[in-house]
Visitor: 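Quick one: this structure, given as structure tokens, is what I'll be asking you about.
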There are 2 protein chains.
Amino acid sequence: MAKKNHDPLSPAMLEQVAQQFRALGEPSRLQLMNLLFDGESTVGELVERSGLSLANVSKHLGHLHKVHWVTRRKVGVKVLYALADERTFGLCELMCDRVRSVTKAAVARIDAPAPKQPRRRG
Amino acid sequence: MAKKNHDPLSPAMLEQVAQQFRALGEPSRLQLMNLLFDGESTVGELVERSGLSLANVSKHLGHLHKVHWVTRRKVGVKVLYALADERTFGLCELMCDRVRSVTKAAVARIDAPAPKQPRRRG
DNA sequence: CATATATTCAACTATATGGTTGAGCACATG
DNA sequence: CATGTGCTCAACCATATAGTTGAATATATG
């Protein structure tokens, strides 16, 4: 039997929340977000700093903007993007922590003597 | 010019972090995680509670397990899954908050009198 | 061993999405 | 208005992946 029965989140909500996660579930977008930790930046700058193609960066930023992970403002002929949510940094920290502890655990597992697996008959 | 130059995360790290996000970037998996908030549960129970197909649930749980979002333990003929990271709940709360505030902002935007757009000539 | 139960695996299809390329658009300047 | 700059958009292709179906595996029981 279940412990607490949390509210089971409507399908629409699940989809929207998933969308938020999915937006960060891509290395290029994550890299752009990471670059934006240093502050507001133009598309061109982000292209240079990331090494990604112009159209690609523009597309990813558009995506991140659509789901409100970044803000956009136009200044003259340039467009400036910035992080829209202060919590982004903490979020990424958390995930990095996870990756590091998982990796460490994996290493520990390799170092450990192989757990005696019950031999399976040939 | 940039503010701080955070460490730019290796491509491998970006991919691993992205993988963590991506695992939660899918409504069905999110639903399963949400069900697990109530405590450890068997695959069969999760199938009933989620309304998803057996194979589908098994696959998603396998995926979540591979990236260490859930733990797995076998008891007799059944398999029990549970959340592997206490921070999961906080994480989902954060995302739900985001969705809610974005939605609210959208409604506010609809309610507001149309911001006078500089008329573009026909 | 035969059978039942609980879960996983493999193969397949349909859809979504990342990246590229080339065209298009908005603003600035002479 | 012609040109240059900075960015976005649309079409396209290749790959990844959610979900299904049917077979396979593991554990318990008679």
Side-chain angles (χ1 to χ4, degrees), chain A residues 11 14-33 35-36 40-67 69-82 117-122, chain B residues 11 14-16 18-33 36 40-67 69-82 117-122:
Chain A
L14 286 172
E15 170 51 38
Q16 297 213 75
V17 172
Q19 190 171 234
Q20 294 293 317
F21 277 114
R22 212 160 46 228
L24 302 185
E26 213 280 333
S28 301
R29 280 194 293 270
L30 226 38
Q31 187 188 6
L32 294 173
M33 295 289 277
L35 292 175
L36 289 177
E40 206 180 25
S41 188
T42 69
V43 178
E45 284 166 4
L46 291 170
V47 168
E48 278 189 42
R49 297 211 276 154
S50 68
L52 302 172
S53 77
L54 172 60
N56 198 8
V57 168
S58 172
K59 203 159 131 178
H60 281 311
L61 290 172
H63 188 162
L64 288 169
H65 181 245
K66 194 154 73 175
V67 297
W69 277 114
V70 301
T71 61
R72 156 197 264 156
R73 74 190 176 94
K74 199 157 186 186
V75 172
V77 70
K78 307 197 174 185
V79 176
L80 290 160
Y81 284 91
Q117 308 205 19
R119 267 261 151 268
R120 94 184 38 250
R121 58 215 170 79
Chain B
L14 285 172
E15 170 52 38
Q16 297 213 74
Q19 189 172 232
Q20 293 293 316
F21 277 115
R22 209 159 49 228
L24 301 185
E26 213 280 334
S28 301
R29 280 194 293 271
L30 226 39
Q31 186 188 8
L32 293 173
M33 295 289 277
L36 289 177
E40 204 179 27
S41 187
T42 68
V43 178
E45 284 167 3
L46 291 170
V47 168
E48 277 189 43
R49 295 211 277 154
S50 67
L52 302 173
S53 78
L54 172 61
N56 198 9
V57 168
S58 173
K59 204 160 131 179
H60 281 311
L61 290 172
H63 188 160
L64 288 169
H65 181 246
K66 194 153 71 175
V67 297
W69 276 115
V70 300
T71 60
R72 157 196 264 157
R73 69 185 247 264
K74 197 156 187 185
V75 171
V77 71
K78 307 197 173 187
V79 176
L80 290 160
Y81 284 91
Q117 306 205 20
R119 267 262 151 266
R120 88 184 45 249
R121 59 216 169 79

Visitor: Answer yes or no: is there a side-chain heavy-atom contact under 4.5 Å between B:R72 and B:L61?
Guide: no
Visitor: Measure the distance from NZ on B:K74 to P on C:dT5 and round it to the nearest whole Å.
Guide: 17 Å
Visitor: Are B:E40 and B:T71 packed together at the side-chain level, in the sense that at least one heavy-atom pair is separated by less than 4.5 angstrom?
Guide: no
Visitor: Are any of the side-chain heavy atoms of A:E15 and B:L30 separated by less than 4.5 Å?
Guide: no
Visitor: Given A:H60 and A:E26, is the side chain to side chain contact (heavy atoms under 4.5 Å, CB included) satisfied, shown in steps?
Guide: CA-CA 10 Å; A:H60 281 311; A:E26 213 280 333; 3.8 Å; yes
Visitor: In whole angstrom, what separates A:K78's NZ from C:dC25's C1'?
Guide: 18 Å
Visitor: Going by heavy atoms in the side chains, are B:L24 and B:L64 under 4.5 Å from each other?
Guide: yes
Visitor: Counting only N and O atoms by type, is there a donor-acceptor contact under 3.5 Å from the side chain of A:S58 to the main-chain atoms of A:L54?
Guide: no
Visitor: Mind calculating the distance between CD (A:Q19) and C1' (C:dT17) to the nearest angstrom?
Guide: 13 Å
Visitor: Taking protein heavy atoms under 4.0 Å as touching, what does nucleotides 8-21 of chain D look like 5' to 3' if B marks base contact, S marks sugar-phosphate-only contact and - marks none?
Guide: BB-------SSBBB
Visitor: B:E48 has an atom CD; how far is it from atom P of C:dT7, in whole Å?
Guide: 10 Å
Visitor: To the nearest Å, how far apart are B:L46 CG and C:dT8 C1'?
Guide: 15 Å
